[in-house]
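Presented below is the structure to which this report refers.
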Amino acid sequence: MSNIDLQALIPNNVNLGENRQLQRALEHWQPAFMSWWDEMGPSDFNAKEVYLRTAVGVDASGWASYGYTPMPDYRWGIFLADKEENRKIGFGDHMGQDVWQEVPGEYRSAFRRLIVTQGDTEPASVEQQRLLGHTAPSLYDLRNLFQVNVEEGRHLWAMVYLLHAHFGRDGREEAEELLTRHSGDADKPRILGTFNEPMDNWLSFFMFTYFTDRDGKFQLKSFAESAFDPLARTTRFMLTEEAHHMFVGETGIGRVIKRTLEVMKELDTDNVDTLRKAGVIDLPTIQKFMNFWFTSSLDLFGSEASSNAANYFSNGIKGRPDEAKFTDHVEVDSEMTIQVPDGKGGLKNETISTRNGMNEITRLEYVKDCNVGVTRWNMAIKRAGVDFELNLPNTRFRRSVGAWAGACTDPQGNPISEAEFEAKKDAWLPNDADKTFIHSLMQRVTEPGKMAGWIAPPDRGINANAIEYEYVKL
Ligand code: BYC
């Protein structure tokens with residue numbers, strides 16, 4: 001196993017010290033990253049001690065160490081999963097050939113664009129979440145937010161390393177740019193839609209970590225298949241960190257639902273006003289926030305039929321998540337069916353080449369994965385004897401990218417008129433009153449072990465510590 005040099009200015013397991021030029025370039029970028037963290041990272045908490053886990057190795061057993069660290073002292077660095085000897089390309093036109101340690105010239109701009117797009121989402125999410133620390137429902141949650149934030153910072157480092165190490169001057173310029181675009185900025189926004197959405201409440205944070213971080217999981221899995229081995233290795237290690245972010249989302253939403261169910265039982269009611277007065281989030285509102293963040297995240301997979309995606313697959317740039325489980329890894333003549341609007345207010349089937357449909361294949365795998373948590377939440381609702389079911393909306397609903405962009409459908413995906421959509425959208429998506437209500441709940445709780453009234457405590461603390469542990473020293 002490769003050793004991590006944690007003493008280096010930039011912790012790494014890529015023998016950075018042996019490449020002085022690259023090391024100097026990254027050491028030059030490091031202060032720019034630190035200023036970005038100061039200005040755009042979690043506001044007002046940089047001096048606080050946070051109980052964080054830090055990567056100290058890359059093997060599955062014991063890669064993390066836990067301890068109190070002020071966030072700016074976090075050991076952001078470069079960690080690649082170990083090299084697999086004799087690894088071969090597993091899909092596309094180069095299938096069976098040796099993987100590449102350098103980017104082939106003809107694919108350089110495609111790789112650069114994808115690495116920049118991936119890299120752009122990481123600091124974007126930190127920017128979106130920067131004010132949430134002020135309204136954390138508990139110290140446990142506050143610490144989880146900060147853990148997610150520092151790890152997204154590290155994921156930025158992962159992409160910046162690739163840009164510096166493999167893309168020369170262009171790469172260095174792109175790395176600078178990653179710190180100058182900002183989430184929601186009118187002039188220089190982040191690249192992908194979801195990462196410009198404002199996030200001023202913790203229900204959205206949990207939805208984001210459940211749904212949007214899960215897009216991250218699927219995109220990283222696609223890169224983990226890449227013929228460009230350094231990209232595959234860096235994303236494989238990122239996936240181990242990403243798992244915690246989705247855990248925060250799934251358990252966060254689960255705890256909100258649990259608390260609501262407790263109060264529904266106590267008061268013996270499902271009346272929305274009564275529940276809101278009692279300070280918990282009614283289930284229909286949870287459904288609306290889910291509708292919003294799930295559909296926004298669906299757009300992140302790109303168009304149903306995409307020649308970009310076909311090229312990425314053919315050229316070995318980006319595979320399908322868990323490529324090994326598919327039977328055909330080349331898909332040279334195969335076809336698939338997608339649904340598109342028929343131009344007359346309905347829908348029709350369209351046959352496309354499987355290569356063109358790679359985004360849709362990945363999106364459908366993602367939807368299946370999203371449903372795992374939804375099923376778990378519904379089981380809790382059922383166990384509580386409440387007659388309500390949360391459902392993911394259809395993938396045609398509220399789309400801004402792809403075949404259904406701008407088309408109006410109901411949450412079941414049936415095409416409807418714009419007038420009907422406008423009339424009903426307040427019942428399907430968070431409306432102003434819902435947002436005002438959620439906002440009113442966002443009060444900071446700082447006593448160790450105490451939770452805000454709208455969320456149940458977690459089942460257990462972090463790293464075998466008690467829930468009452470002082471996860472952030474305020
Ligand atoms: N918003 O052929 P198309 C994560 C653009 S999340 C705005 O349909 P393609 C994380 C597209 O760029 C994972 N624009 O799409 C989560 C293209 O633009 P150009 C992030 C969009 O190229 C939480 C045009 O529309 N990683 O890690 O097949 C916290 C037509 O594109 C959007 C990646 O995304 C959108 N939603 O696929 C922290 C992986 N969607 O070229 C982190 C890298 C599409 O015409 N990116 N467009 O200017 C990719 O693999 C691909 O770029 C996409 C799009 C899958 C996003």
Side-chain angles (χ1 to χ4, degrees), residues 109-130 132 145 147-159 162 174 178 181 183-184 189-197 199 204-226 228 231 234-235 238-239 241-246 248-249 293-315 317-321 338 340 352 355-363 365-366 398-405:
S109 73
F111 271 116
R112 196 184 76 192
R113 188 168 155 274
L114 290 178
I115 291 168
V116 166
T117 307
Q118 176 66 48
D120 190 74
T121 63
E122 316 289 1
S125 67
V126 176
E127 292 169 357
Q128 284 173 295
Q129 296 161 15
R130 93 178 278 266
L132 288 177
L145 166 73
Q147 182 72 52
V148 168
N149 290 162
V150 292
E151 285 177 352
E152 300 301 9
R154 206 205 67 73
H155 291 180
L156 170 62
W157 270 94
M159 294 300 119
L162 293 177
E174 293 282 16
L178 285 169
R181 285 184 294 270
S183 177
R190 291 296 177 180
I191 296 171
L192 299 174
T194 311
F195 296 90
N196 290 303
E197 294 290 353
M199 195 183 303
S204 291
F205 172 67
F206 292 136
M207 293 289 170
F208 181 94
T209 42
Y210 188 76
F211 290 112
T212 310
D213 275 281
R214 194 170 305 273
D215 168 49
K217 166 180 167 182
F218 280 79
Q219 299 299 338
L220 295 175
K221 271 175 171 282
S222 299
F223 285 144
E225 304 289 338
S226 180
F228 177 36
L231 175 61
T234 203
T235 47
M238 287 162 78
L239 278 162
E241 292 170 316
E242 198 70 33
H244 172 256
H245 308 184
M246 287 174 290
V248 168
W293 288 103
F294 173 64
T295 53
S296 181
S297 304
L298 288 174
D299 279 340
L300 294 172
F301 292 85
S303 304
E304 285 74 2
S306 163
S307 56
N308 285 345
N311 287 333
Y312 300 152
F313 184 81
S314 315
N315 298 334
I317 294 171
K318 188 180 167 195
R320 285 167 292 193
I338 57 168
V340 297
I352 60 170
R355 285 185 173 193
N356 270 312
M358 290 299 160
N359 287 343
E360 184 63 2
I361 293 171
T362 308
R363 180 168 23 242
E365 291 292 315
Y366 163 82
R398 203 185 83 89
R399 292 292 302 283
S400 306
V401 170
W404 293 89

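Just so you know, ligand 1 is whichever comes first in the structure, and atom 1 is the first atom listed for that ligand.
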Non-neighbouring partners of T235 that pass side-chain hydrogen bond (donor to acceptor under 3.5 Å, both in side chains), sequence neighbours left out:
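side-chain hydrogen bond (donor to acceptor under 3.5 Å, both in side chains) list for T235, sorted by chain: empty.
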Considering only heavy atoms, does [X] approach ligand 1 within less than 4.0 Å through its side chain, its backbone, both, or neither?
| X | answer |
| --- | --- |
| H155 | neither |
| F223 | side chain |
| T117 | side chain |
| S125 | side chain |
| H245 | neither |
| V401 | side chain |

Would you say [atom] makes contact with the protein, given that contact here means a non-hydrogen protein atom less than 4.0 Å away?
| atom | value |
| --- | --- |
| atom 35 (C) of ligand 1 | yes |
| atom 16 (C) of ligand 1 | yes |
| atom 25 (O) of ligand 1 | no |

Near [X], which atoms of ligand 1 are under 4.0 Å from a heavy atom of that residue?
| X | value |
| --- | --- |
| L114 | 43 (C), 46 (N), 49 (C), 50 (O), 51 (C), 52 (O) |
| I191 | 7 (C) |
| S306 | 2 (O), 3 (P), 9 (P), 28 (O) |
| E152 | 29 (C), 38 (C) |
| S303 | 3 (P), 8 (O) |
| K318 | 49 (C), 50 (O), 55 (C) |
| A309 | 28 (O) |
| F208 | 23 (C), 29 (C) |

[atom] - nearest protein heavy atom and its distance:
| atom | value |
| --- | --- |
| atom 1 (N) of ligand 1 | G193 N, 3.0 Å |
| atom 45 (O) of ligand 1 | R113 NH2, 4.7 Å |
| atom 6 (S) of ligand 1 | D215 OD2, 3.2 Å |
| atom 23 (C) of ligand 1 | D213 OD1, 3.4 Å |
| atom 20 (C) of ligand 1 | Q118 OE1, 3.4 Å |
| atom 54 (C) of ligand 1 | G302 CA, 4.0 Å |
| atom 32 (C) of ligand 1 | L192 CD2, 3.6 Å |
| atom 37 (O) of ligand 1 | N359 ND2, 3.8 Å |

Result of checking F294, F206, W293 against F211 for ring pair (Phe, Tyr, Trp, His ring centres under 6.0 Å)
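When F294, F206, W293 are each tested with F211, the ring pair (Phe, Tyr, Trp, His ring centres under 6.0 Å) holds only for F294.
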Does a side-chain heavy-atom distance below 4.5 Å link [X] with [Y]?
| X | Y | value |
| --- | --- | --- |
| I352 | E360 | no |
| F205 | Q128 | no |
| E127 | F195 | no |
| T362 | P321 | yes |

Decide, yes or no, whether a salt bridge links [X] with [Y] under the criterion of side-chain N to carboxylate O below 4.0 Å.
| X | Y | result |
| --- | --- | --- |
| K221 | E365 | no |
| R154 | E122 | no |
| R112 | E174 | yes |

If you draw the axis of the six-membered ring of Y210, does the NZ or CZ of R214 fall within 45° of it and under 6.0 Å from the ring centre?
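Because its charged atom sits under 6.0 Å from the ring centre and within 45° of the axis, R214 does stack over Y210.
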Under 4.0 Å, counting heavy atoms only: does [X] come that close to any atom of ligand 1?
| X | result |
| --- | --- |
| E242 | no |
| T362 | no |
| F218 | no |

Would you say [X]'s side chain and [Y]'s backbone share a donor-acceptor pair under 3.5 angstrom?
| X | Y | value |
| --- | --- | --- |
| D299 | S400 | yes |
| S303 | S306 | no |
| D213 | H245 | no |
| S222 | F218 | yes |
| Q118 | G216 | no |
| R190 | L178 | yes |

Given the rule in the side-chain contact (heavy atoms from CB on, under 4.5 Å) test, do F301 and V401 qualify, once you have shown the distances and angles that lead to the verdict?
CA-CA 9 Å; F301 292 85; V401 170; over 6 Å; no
Candidates N311, I317, L300; heavy atom nearest atom 55 (C) of ligand 1 found on L300
Evaluating non-hydrogen atoms only, which member of T121, N308, T235, L298 is closest to atom 22 (O) of ligand 1?
N308
